[in-house]
Structure formats: structure tokens, C-alpha cells
Amino acid sequence: MEPDPAPLLSTRAIEALQRIDPATLSEVQAFRDDFARFIMPYKFGIDEVSTKVSILREEFAELHDYNPIEHIASRLKSAESIEQKVIRKNCEPSFEAIRDAITDIAGVRIICSFVSDVYRVFQLLTAQEDINVLRVKDYIAHPKPNGYKSLHVIVEVPVFLSDGPVRVPVEVQLRTVAMDFWASLEHKIYYKYEGEVPEEILRDLTAAAGTAAQLDVKMEDIHRQVRGDGGSQYALPISV
Ligand code: 0O2
């Protein structure tokens, strides 16, 4: 005989739920359903952009025998993280206001081998007819004071739902492997110290960002020598 499946909620959780008055419970359930409906198009927006990038990657590898994209990652902003941004931006806590004010609920990160590839992929993606560019922040040409480098673009993509099309903003972050290595370590350190990072670690991080930038230049130089390539027409900083 099969053992009984593990219950979804513990007895304590069920008792706690029974103590909540029914009106509050149905409000919470209604909010959960509204949130699920609100977030769904953003998930589809991520799917659309990820598919576009995967197509570019495969086609490039096939035609040019070269792959400018190392890997692609994506994330949907959590409800908690949306809430923090609502507070930080002093935004009205309604779905309509959040839809207008917070443009990075859907996020796609594209990690490229070299800086010229970052701009090349950016150009190829944003030149697509159904993509509307809302905003570009070029932290490669203009790094943040802590050394953060990345090319950010908010694009709007059409998502076809059963009751018609909606345009969904997706934040695309493009960066090199070296920039990504730096940003993920910096992110972990920032969280470990809850934003209060000691001065000497901040200094070391900024210095490490410089080292990562030098590595990017050196690696691209070697790559060009090996390929006998004079340089990419796409290696142009984007003005912010
Ligand atoms: P998470 O967890 O990655 O989502 P805006 O959205 O333009 O109104 P914001 O958030 O300042 O305002 O936009 P910006 O500058 O484009 O940065 C957004 C995202 O870039 C951040 O998202 C990070 O992912 C990344 N980022 C920006 N600056 C840094 C940095 O100094 N270090 C690291 N590691 N990442 C950075 P979130 O929402 O902060 O977090």
C-alpha cells in the first residue's frame, strides 16, 4: 500500500488559518489571485525576450561559427522586492501605478564573452521590429562610482493574451563574464553587510572592478589577434 502523501500544511498552520476571520482570508486570497494575474504577462515577456536571444545565439553560432553569448539568465521580481521598490520610489501601492513606475519586474541577463559582443547583441536585439526601446543606461561607458559595469536596456515586447495583446516592459542587462563575476560578488557582499560594507572592502571592490575591466581589454585583444579581426563595428558606447 502507498503511504499517505505528506499534508500540504501542518496541523498548526491549518489551525492558524482557521483562527483568521473569513473576510480577511478571502481578501488575502483575492490579493493572491490578483497578484498572480498581474505578474503573469511579465513571465511571458521574459519568455519572449529569452527566445529572441536564444535565436540570435544559435543563428550566430551557425552562420559565423562564433558564439557572442556565454549564457542567459532571467528572473521575475519577487513580491517582497517589488514592495521594497514601491516604498523606495514612493509609488502608489496599486497595480496600475506599479505597472507604470517599476520597469524591472521582468529581467533578462545576457552574459557575453567580450565588450564588443555586448554592444553587438544589444544592437541586434533592439533593432528587431516588435521591440520598443524605452530606456538605455550604459554603465559600461559610464561605470557607477563603485565600479559596477553593465549595459541596461528597458524594452517593451508584445505579449498576446487570450483577450488581446499587451506590451510588457523587460529589463535586459548585458555584460561580460568579468563584469558579471564582479557584480555577483559585490551583490553578495552588499547583502552580507546589509548595505553597510566596510570602507576597505569597498575600496578593494572598486580596485577589483578596474582589474576586471583590464582583463576584458586584454582578453578581447587576444581574441582579435587569434581571429585576425580588426575590431567590431558594434563596439560603440551608447550615450546615456
Ligand atoms: P535585483 O535583485 O537585481 O532586481 P530604476 O529601476 O531605473 O528606477 P534602479 O533600480 O537604480 O532604478 O535602476 P538601475 O540603475 O538600472 O539598476 C537596476 C539593477 O541593476 C539592480 O536591480 C541590479 O540588478 C543592477 N545593479 C545596479 N547597480 C548595481 C551595483 O552597484 N551592483 C550590483 N551588483 N548590481 C547593480 P535591483 O532592483 O537593485 O536588484
Side-chain angles (χ1 to χ4, degrees), residues 35 38-39 41-43 45-46 49-50 53 70-112 115 118-119 121-122 125-126 132-157 167-213 215-216 237-240:
F35 185 77
F38 167 77
I39 209 82
Y42 291 100
K43 184 201 168 291
I46 287 179
V49 173
S50 301
V53 179
E70 289 285 335
H71 66 266
I72 308 162
S74 63
R75 67 105 185 87
L76 260 183
K77 223 173 178 59
S78 65
E80 194 191 2
S81 180
I82 294 175
E83 187 193 0
Q84 282 166 5
K85 202 154 191 175
V86 163
I87 297 167
R88 182 155 63 82
K89 292 190 128 196
N90 204 9
C91 162
E92 187 199 313
S94 70
F95 286 129
E96 288 68 29
I98 293 172
R99 207 174 274 127
D100 289 342
I102 302 185
T103 46
D104 67 343
I105 293 173
V108 173
R109 188 169 289 154
I110 305 172
I111 311 303
C112 297
V115 177
V118 165
Y119 289 107
V121 173
F122 169 88
L125 182 67
T126 55
N132 184 24
V133 175
L134 295 182
R135 200 175 64 212
V136 178
K137 285 191 194 170
D138 189 347
Y139 293 124
I140 296 179
H142 309 279
K144 291 181 75 164
N146 61 0
Y148 177 76
K149 282 183 149 198
S150 198
L151 177 60
H152 293 189
V153 54
I154 311 285
V155 296
E156 213 180 34
V157 284
R167 296 198 68 85
V168 180
V170 178
E171 184 190 68
V172 184
Q173 297 183 351
L174 301 106
R175 53 173 85 140
T176 63
V177 180
M179 291 170 196
D180 192 52
F181 185 29
W182 184 92
S184 60
L185 179 65
E186 193 264 358
H187 190 72
K188 282 181 205 140
I189 292 172
Y190 192 81
Y191 273 91
K192 179 175 158 51
Y193 288 101
E194 294 173 348
E196 304 290 325
V197 184
E199 264 312 310
E200 71 272 18
I201 294 187
L202 285 179
R203 265 199 311 274
D204 283 351
L205 268 173
T206 308
T211 309
L215 182 66
D216 269 334
I238 313 273
S239 52
V240 281

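Numbering of ligands and ligand atoms starts at 1, following listing order.
- Residue contacts with ligand 1 for D104 involve side-chain atoms from C-beta outward but no N, CA, C or O (heavy atoms, distance under 4.0 Å).
- In summary, the atoms of ligand 1 found under 4.0 Å from a heavy atom of R88, numbered by their order in the structure, are 10 (O).
- Atom-to-atom distance recorded for D180:CG and R175:CZ is 5.0 Å, nearest 0.5 angstrom.
- The backbone N or O of F181 sits less than 3.5 Å from a side-chain atom of S184, completing a donor-acceptor pair.
- Rounding to the nearest 0.5 Å gives a distance of 7.5 Å between OG of S150 and CE of M179.
- When only interatomic distances are considered, the shortest N/O to N/O separation between K144 and ligand 1 falls below 3.5 Å.
- Heavy-atom contacts of A183 reach the following atoms of ligand 1: 34 (N) (cutoff under 4.0 Å).
- Between K149 and D216 there is no salt bridge, since no side-chain nitrogen of the basic residue lies less than 4.0 Å from a carboxylate oxygen of the acidic one.
- With a heavy-atom cut-off of 4.0 Å, Y139 touches ligand 1 through its side chain alone.
- Close N/O approach between W182 and ligand 1 is not found [any backbone or side-chain N/O within under 3.5 Å].
- The protein heavy atom nearest to atom 33 (C) of ligand 1 is E186 OE1, 3.3 Å.
- Considering backbone and side-chain atoms alike, R175 places every N or O at 3.5 Å or more from each N or O of ligand 1.
- Atoms of ligand 1 found under 4.0 Å from any heavy atom of R135, numbered from 1 in the order shown, are 5 (P), 7 (O).
- Here the straight-line distance linking atom CD of Q173 with atom OG of S74 works out to 12.0 Å at 0.5 Å rounding.
- Given atom 10 (O) of ligand 1, the protein heavy atom at minimum distance is K85 NZ, 3.0 Å.
- Residue Q173 holds the heavy atom nearest to atom 24 (O) of ligand 1 of all those in R75, Q173, Q84, K137.
- In this structure, Y148 places its OH atom where more than 12 heavy-atom neighbours from other residues, nucleotides or ligands lie under 6.0 Å away.
- Here the protein heavy atom with the shortest distance to atom 35 (N) of ligand 1 is Y148 CE1, 3.3 Å.
- I110 contributes atom CD1, which lies 4.0 Å from atom CG of L174 (distance to the nearest 0.5 angstrom).
- Considering CZ of R88 and CD of Q84, their distance stands at 9.0 Å, rounded to 0.5 Å.
- The environment of CZ in F38 is crowded: more than 12 heavy-atom neighbours from other residues, nucleotides or ligands sit within 6.0 Å.
- We find the OG1-CG distance between T176 and L151 to be 11.5 Å, quoted to the nearest 0.5 Å.
- When non-hydrogen atoms are compared, ligand 1 lies under 4.0 Å from the side chain of N146 (C-beta onward) but not from its backbone.
- Contact atoms of ligand 1 toward K89: 8 (O) (distance under 4.0 Å to a heavy atom of the residue).
- The protein heavy atom nearest to atom 38 (O) of ligand 1 is K77 NZ, 2.8 Å.
- Of all atoms in ligand 1, listed by their number and element, those nearer than 4.0 Å to a heavy atom of E171 are 16 (O), 18 (C).
- Contacts between K149 and ligand 1 below 4.0 angstrom, taking non-hydrogen atoms only, are absent altogether.
- A perpendicular orientation is assigned to the rings of H152 and Y139, their planes being inclined by more than 60° (bins at 30° and 60°).
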